[in-house]
Amino acid sequence: KMKIKNRLFENKQYFVTIGKIHTSDQLSVVDAYRINRLVKKLNELQEEYRELKERILIQHGTPAEKEKTYEISVENREEFNAEYKELADIEHDLETEKLTFPKKIEDGFSAADLTILELFFDLSGLEENLTEKEE
């Protein structure tokens, strides 16, 4: 089963990778459909995370000069950190098995992308393809 924690939404590489695979023009219709469903679910969870994170920031911080940032005072830091860690550690069961990696996509993904992709895709087939190409 596919499981993720909220802290994934703090990872900039996650957004880059999901963006790449979601907008790839190399996807079959079935793969595009599956990935689209996954991305919709992830976007919902990410939005919920963003709202809750903002609530914690507002509760424990004061708006900083830079827009959409907050300063957490020393006396509030411990409580903020505890609540933030709790929020970031929430695990979501995406209630689906890992997806088969789209066969048509062969290039354009870095090692950093693969670290993210292996959360959502079974990459064992991909390794076989890479080995075959090298031979």
Side-chain angles (χ1 to χ4, degrees):
K1 284 237 182 242
M2 239 189 273
K3 289 185 178 177
I4 59 157
K5 285 189 176 180
N6 271 341
R7 66 178 64 253
L8 179 67
F9 303 126
E10 293 293 343
N11 183 336
K12 288 188 171 46
Q13 185 62 47
Y14 159 78
F15 294 99
V16 170
T17 302
I18 290 296
K20 266 191 212 175
I21 194 148
H22 192 213
T23 57
S24 173
D25 53 9
Q26 300 175 322
L27 295 174
S28 69
V29 173
V30 173
D31 284 334
Y33 170 76
R34 285 195 193 119
I35 289 167
N36 203 32
R37 293 210 36 190
L38 173 66
V39 169
K40 273 187 178 160
K41 191 169 220 169
L42 291 170
N43 285 347
E44 234 170 76
L45 292 171
Q46 182 211 332
E47 186 57 31
E48 179 184 57
Y49 168 73
R50 197 190 55 70
E51 285 169 15
L52 290 170
K53 180 182 166 186
E54 195 169 347
R55 190 185 304 169
I56 296 171
L57 285 166
I58 290 167
Q59 197 177 347
H60 298 289
T62 48
E65 284 179 23
K66 193 175 161 216
E67 201 182 333
K68 293 200 179 204
T69 60
Y70 291 84
E71 286 172 11
I72 311 293
S73 65
V74 175
E75 58 269 15
N76 287 355
R77 207 159 283 163
E78 200 176 318
E79 204 177 332
F80 168 78
N81 285 339
E83 282 191 39
Y84 176 69
K85 184 183 181 322
E86 210 177 320
L87 175 63
D89 284 339
I90 291 174
E91 188 172 70
H92 303 282
D93 183 342
L94 299 178
E95 292 164 18
T96 178
E97 298 300 323
K98 285 189 177 187
L99 304 177
T100 306
F101 193 75
K103 284 185 173 45
K104 290 184 179 180
I105 294 186
E106 288 173 357
D107 46 2
F109 288 98
S110 65
D113 287 322
L114 293 177
T115 304
I116 300 289
L117 291 173
E118 68 186 358
L119 294 169
F120 307 108
F121 295 93
D122 173 4
L123 299 181
S124 56
L126 191 65
E127 287 159 15
E128 289 162 21
N129 288 355
L130 293 174
T131 315
E132 284 168 20
K133 275 188 182 167
E134 286 166 8
E135 286 170 6

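This structure is a prediction, so every number in the text was calculated from the model and none was measured.
The shortest distance between side-chain heavy atoms of N76 and E79 does not fall below 4.5 Å. Considering only heavy atoms from C-beta on, I21 comes within 4.5 Å of F121 through its side chain. A 4.5 Å side-chain heavy-atom check between I58 and E54 finds at least one atom pair inside the cut-off. At a threshold of 4.5 Å between non-hydrogen side-chain atoms, the residues L114 and T17 do not count as touching.
Here the shortest heavy-atom pairing between P102 and I35 reads CG-CD1, 3.8 Å. When every heavy atom of Q13 is checked against every heavy atom of I116, the shortest pair comes out as CG-CG1, 3.9 Å. Across every non-hydrogen atom of S110 and K20, the tightest pair is N-NZ, 4.5 Å.
Formation of a donor-acceptor pair under 3.5 Å by the T69 side chain with backbone atoms of E65 is not found in this model.
More than 12 heavy atoms of other shown residues, nucleotides or ligands fall within 6.0 angstrom of atom NZ in K1. With a 6.0 Å radius and a threshold of 12 heavy atoms from other residues, nucleotides or ligands, E78 has its CD atom at or below the threshold. A 6.0 Å sphere centred on CZ of R55 holds no more than 12 heavy atoms belonging to other residues, nucleotides or ligands.
Y14 OH to L8 CG: the interatomic distance, rounded to the nearest 0.5 Å, is 5.5 Å. Once rounded to the nearest 0.5 Å, the distance linking CZ of F15 with NE2 of H22 reads 13.5 Å. Atoms CG and CG, from L99 and D31 in turn, are 8.5 Å apart once rounded to the nearest 0.5 Å. With values rounded to the nearest 0.5 angstrom, L57 atom CG is found 10.5 Å from T62 atom OG1. The CZ atom of F80 sits 11.0 Å away from the OH atom of Y70 when rounded to the nearest 0.5 Å. To the nearest 0.5 Å, atoms CG (N11) and CD1 (I4) are separated by 11.5 Å.
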Going by atom type alone, with no hydrogens or angles, which donor-acceptor pairs under 3.5 Å involve a side-chain atom of residues 90-98 and a protein atom two or more places apart or on another chain?
| from | atom 1 | to | atom 2 | distance (Å) |
| --- | --- | --- | --- | --- |
| H92 | NE2 | N6 | OD1 | 2.8 |
| D93 | OD1 | E95 | N | 2.8 |
| K98 | NZ | E118 | O | 2.6 |

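F120 meets the ring-ring contact (aromatic ring centres under 6.0 Å, His included) test with no other residue; sequence neighbours excluded.
Among K53, K5, K85, R50, the one residue that satisfies the salt bridge (Lys or Arg N to Asp or Glu O under 4.0 Å) test with E10 is K53.
Ring pair F9/Y49 is tilted by interplanar angle, where 30° to 60° counts as tilted.
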Verdict with supporting geometry, E47 and N43, side-chain contact (heavy atoms from CB on, under 4.5 Å): CA-CA 6 Å; E47 186 57 31; N43 285 347; over 6 Å; no

